[in-house]
Amino acid sequence: MAEFGYNQSLERSIGKFASFAAGVSYISILTGTFQLFYFGFANGGPTYWWSWPMVFVGQLMVALCFAELAGRYPVAGSVYNWSKRLAGPTVSWLAGWMMFTASVVTLAAVVLAYQVTLPQIWSGFQLVGDGTGASFGLSAVIWGAILVVFTTVVNAFGVKLMARINSTGVFIELIAAILLVIILAVNIVNPPSVIVDTTGYTSGPGGYAGAFLIAAIASAYVMYGFDTASSLGEETVDPRRTGPTAILRAVIASFVIGGLILLFGILAAPNLSDPALGQASGGLQLIVLQALGGPLGKVFLVCIVVAITVCALAVHTAGIRLMFAMARDNALPAGAALARIDPKRKTPVVPAVVIGVVAVLILAVNIGTPEIFTAVTSVAVIMIYVAYLLVTVPMLLKRFKGEWPGPDAPKGYFSLGKLGLPVNIVAVLWGAAMAINLAWPRVEVYGEGPLRFIAFIFIGAIVVIGLAWFMLRGRHHLGTLPEHVRQNLEEAP
C-alpha cells in the first residue's frame, strides 16, 4: 500500500479461497445460467449453447489482461485504479464511474433472479398476482428489495462476515453445480445433434446468425465481474499472487461447470419443443424439476437461491470497494464521508448504504414493466463491457508504444510475455463487438416500447452527467485525502 501512496485502512484477512470465491460468486454459475436460460433458448433454441464457449474465449482474453494488472496493481477499485495507471485522469475517472454505476445496476439486475426461482420452489413465494405480466415484475422488485437490504447489512457489518457468507455460499454452489451436472448427465434423453439443430430459428433478419447474436446475450450476462477478486486486493493476503490466479480460476471454473449444466440441461429436457422452456416462469428450472422430480429438483432450486444471494453480496461488495477507491482520491462528491472507514468494522459503511438505496430506487422505477429482466440486465452488462474497454484499450496503446509491461514491472508475478499483444488485441475487439451487440435496440431484447433505446439513453445520460461534473468540478479536486495518505515508504512494515 505504501508503494501506491495509501495507508492500509482496510483489514487484510481474505485468503486464497475467499478471493477465488469473490470472483466466482460475482460470475455466479447457477445465477446466470438459470436466470437467462429461457431468454437464450427462446431466441436461439438448443443451438444457443454455442454462445457459451464463444463468450468464454472473448472474456478469457480480457481476464488474462486483468490478471497482469492484478499482479501489478493489487488495490481496491480494480478497473478505476488500473485505468488510472494506464491512461489520464479523465479516462480513469470515466472507467471508475461507468464501473461503479454498472455495479449498482448489476445489483438491481441480479436480485431480480429471486423471482425466477422462488415461486417454482413454493407458490407462496409469488407475492403478487399469479406471476404473469406486471405481477411478475412487481413481485420481482419486492424480493429484490429484500435481498438488497440483506447485502447492505452484511457489507456494513464487516469484510470477515461477508467473506464467510460468500465462501460458504460458493462452496454450496460449486458442490450443487457439480452434482447437478452429474444428475443431468444421467437423465439425458436427447441426442447431441440437437445442439446443432436451428429449425424454427432462422426466419428473422440475418437468419440464424441474427437469432444467435440475440441469444448470446444470455451467456454474455454470466461471464463478467471476475475483476472482483482483485478489487478486494487491499484485503487479500499476498494479493500479487492470489489475485491473478483467482481471476483466471473463476473464469475457467465458470466456463466448464456452467457449460456442462447448460449442455446436459438441454440434452435432459423431456420436450425441447415445450414453449415453457423459453419463458421466465419455466426455463432451466423447469427442466431440472422435470428431469429430477419434484423433491430433488426443489433441493437444487434452493441451492440456486443460495447462489443468487452470494452473487448479489459479491456485486454489492465490489461496488463498495470501487466507490471507496474513488472517494479516497476525492474523485466523487462527499469523498471524505464515502471514504470513511468504520474504526470497529474496518469497512466503508456509507458506500454500502448508498449503493443499497440506489439499487432499490432502480427497482422501484421499473415496477410494472414485464421487460425489466432483460432491459436492466443488458444495460448493466453493456456498462461493464464499456468500463473494461477503458482499461484494455489504454493497455493496448501502451503495448504498441512499448511502454507495457515496462522496465519497472515487478518480477516473478503473472505475465503474458509475448502473448500479451495478440491477447490484448482480441480483448479489445471482443469487448467492442459485444458492447454493440448488447446495445442494439432489438424488439426481442427490449420490447416494442421506449425500452428499446434504454441502453443508449441511460448510458449516454450517465456519461454526459458524469463527465460534466468531472470536467467542471471534480478534476480540480483530485488527490488522495489526507487521512488516507501514506507519508513515506519507510513506514511500511
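In this text, all values refer to a predicted model and were calculated from it rather than measured experimentally. In this chain, residues are counted from 1 in sequence order.
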Quiz item: Would Ser219 and Ser51 satisfy side chain to side chain donor-acceptor pair (under 3.5 Å), going step by step from the backbone distance to the final call?
Solution: CA-CA 6 Å; Ser219 297; Ser51 66; 2.8 Å; yes

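- The structure places CH2 of Trp97 at 14.5 Å from OG of Ser92, a figure rounded to the nearest 0.5 Å.
- Ring orientation note: the planes of Tyr73 and Phe4 are nearly perpendicular, at an angle over 60° on the 30°/60° scale.
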Quick one: side chains of residues 382-397, donor-acceptor pairs under 3.5 Å with protein atoms, not counting sequence neighbours, listed by atom name and distance.
residue : atom : partner : partner atom : Å
Tyr388  : OH   : Gly225  : N            : 3.0
Tyr388  : OH   : Asp227  : OD1          : 2.5
Thr392  : OG1  : Tyr388  : O            : 3.2

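- Nearest heavy-atom pair, Gly169 versus Val310, reported as atom, atom and distance to 0.1 Å: CA-CG1, 3.6 Å.
- Within the structure, the salt bridge (charged side-chain N to carboxylate O under 4.0 Å, His left out) test picks out the following pairs touching residues 76-95 (sequence neighbours left out): Lys84-Asp329.
- In terms of modelled atom types and a separation under 3.5 Å, the side chain of Trp52 and the main chain of Ala216 share no donor-acceptor contact.
- Remark: Leu232 CG to Asn166 CG distance equals 8.5 Å, nearest 0.5 Å.
- The shortest side-chain heavy-atom distance between Val485 and Tyr6 does not fall under the 4.5 Å cut-off.
- For Arg249, there are no salt bridge (Lys or Arg N to Asp or Glu O under 4.0 Å) partners at least two apart in sequence or on another chain.
- Between Leu147 and Ile308 the shortest heavy-atom distance is CD2-CG2, 4.1 Å.
- Trp469 contributes no side-chain N or O that, together with a main-chain N or O of Val464, makes up a donor-acceptor pair within less than 3.5 Å.
- Counting heavy atoms from C-beta outward, Trp93 and Met326 have side chains that approach closer than 4.5 Å.
- Side chains of Phe20 and Val24 form a contact here, defined as non-hydrogen atoms less than 4.5 Å apart.
- A side-chain donor-acceptor contact under 3.5 Å links Thr309 and Tyr114.
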Quiz item: When you look at Trp440 and Ile214, which way does the side-chain contact (heavy atoms from CB on, under 4.5 Å) test go after all the steps?
Solution: CA-CA 9 Å; Trp440 206 258; Ile214 298 172; over 6 Å; no

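- For residues 144-162, the pairs satisfying side-chain hydrogen bond (donor to acceptor under 3.5 Å, both in side chains) are Glu11-Lys160, Thr151-His316, Asn155-Thr317, with sequence neighbours left out.
- For the ring-ring contact (aromatic ring centres under 6.0 Å, His included) condition, no pair includes a residue of residues 227-252, sequence neighbours left out.
- Qualifying salt bridge (Lys or Arg N to Asp or Glu O under 4.0 Å) partners for Glu403, counting only residues two or more places apart in sequence or in other chains: Lys398.
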Quiz item: What do the steps show when you test Trp143 against Phe125 for ring pair (Phe, Tyr, Trp, His ring centres under 6.0 Å), and what is the final call?
Solution: CA-CA 9 Å; Trp143 275 119; Phe125 287 136; 5.7 Å; yes

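- In this structure, Arg72 forms a cation-pi arrangement with Trp404, its terminal cationic atom sitting closer than 6.0 Å to the ring centre and no more than 45° off the ring axis.
- If you look at Trp82 and Phe66, their ring centroids are closer than 6.0 Å.
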Quiz item: Would His477 and Phe470 satisfy ring pair (Phe, Tyr, Trp, His ring centres under 6.0 Å), going step by step from the backbone distance to the final call?
Solution: CA-CA 9 Å; His477 302 280; Phe470 181 75; over 10 Å; no

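- For the pair Trp430/Met61, no side-chain contact is recorded, criterion being any heavy-atom separation below 4.5 Å from C-beta on.
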Show me, pair by pair, the donor-acceptor contacts under 3.5 angstrom made by side chains of residues 338-356, not counting sequence neighbours?
residue : atom : partner : partner atom : Å
Asp342  : OD1  : Lys344  : N            : 3.0
Asp342  : OD1  : Arg345  : N            : 2.7

For residues 173-180, which side-chain donor-acceptor pairs fall under 3.5 Å, sequence neighbours excluded?
residue : atom : partner : partner atom : Å
Glu173  : OE2  : Ser28   : OG           : 3.4
Glu173  : OE2  : Ile29   : N            : 3.0
Glu173  : OE2  : Leu30   : N            : 3.1

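- Applying the salt bridge (Lys or Arg N to Asp or Glu O under 4.0 Å) rule to Arg399 yields the partners Glu68; only residues at least two apart in sequence or on another chain are considered.
- Judged as a salt bridge (charged side-chain N to carboxylate O under 4.0 Å, His left out), not a single pair has a partner in residues 87-104 (not counting sequence neighbours).
- In terms of heavy-atom proximity, Val104 sits nearest to Ala359 at CG1-N, 3.9 Å.
- The line from CZ of Phe458 to OG1 of Thr101 is 7.0 Å long, rounded to the nearest 0.5 Å.
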Practice problem: Applying side-chain contact (heavy atoms from CB on, under 4.5 Å), run through Ile261 and Leu284 and close with a yes or a no. | Solution: CA-CA 9 Å; Ile261 288 175; Leu284 191 55; 4.0 Å; yes

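- The shortest heavy-atom contact between Val315 and Leu107 is CG1-N, 3.6 Å.
- Rounding to the nearest 0.5 angstrom, the gap separating the CZ atom in Phe453 from the CD1 atom in Ile459 is 14.0 Å.
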Quiz item: Stepwise, does the side-chain contact (heavy atoms from CB on, under 4.5 Å) test hold for Met162 with Val159?
Solution: CA-CA 5 Å; Met162 183 283 298; Val159 71; 3.8 Å; yes

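- Closest heavy-atom contact between Ile247 and Ala70: CD1-CB, 3.8 Å.
- Residue pairs meeting the side-chain hydrogen bond (donor to acceptor under 3.5 Å, both in side chains) criterion with at least one member in residues 234-246, sequence neighbours excluded, are Glu3-Arg240, Glu234-Arg328, Glu235-Arg321.
- Under the 3.5 Å distance criterion, the side-chain polar atoms of Asn43 are matched with a main-chain donor or acceptor of Phe39.
- Between Phe17 and Ser167 the shortest side-chain heavy-atom distance falls below 4.5 Å.
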Self-check item: Audit row: Val55, Phe255, side-chain contact (heavy atoms from CB on, under 4.5 Å) steps and yes/no
Solution: CA-CA 9 Å; Val55 170; Phe255 162 68; over 6 Å; no

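- Taking every heavy atom of both residues into account, Cys311 and Thr31 meet most closely at CB-OG1, 3.8 Å.
- Within the 4.5 Å cutoff, side-chain heavy atoms of Thr90 are placed close to those of Met471.
- By the ring pair (Phe, Tyr, Trp, His ring centres under 6.0 Å) test, Phe34 pairs with no residue at all, sequence neighbours left out.
- Annotation: side chain of Tyr224 is in contact with side chain of Gln59 (closest heavy-atom distance under 4.5 Å).
- Leu161 CG to Leu313 CG: the interatomic distance, rounded to the nearest 0.5 Å, is 8.0 Å.
- Counting only distance, with no hydrogens or angles, the side chain of Ser83 and the backbone of Tyr80 share no donor-acceptor pair below 3.5 Å.
- Taking CD1 from Ile304 and CD from Gln120, the interatomic distance works out to 8.5 Å, rounded to the nearest 0.5 Å.
- Counting heavy atoms from C-beta on, the side chains of Ile121 and Val302 come closer than 4.5 Å.
- The backbone N or O of Ala22 sits less than 3.5 Å from a side-chain atom of Ser25, completing a donor-acceptor pair.
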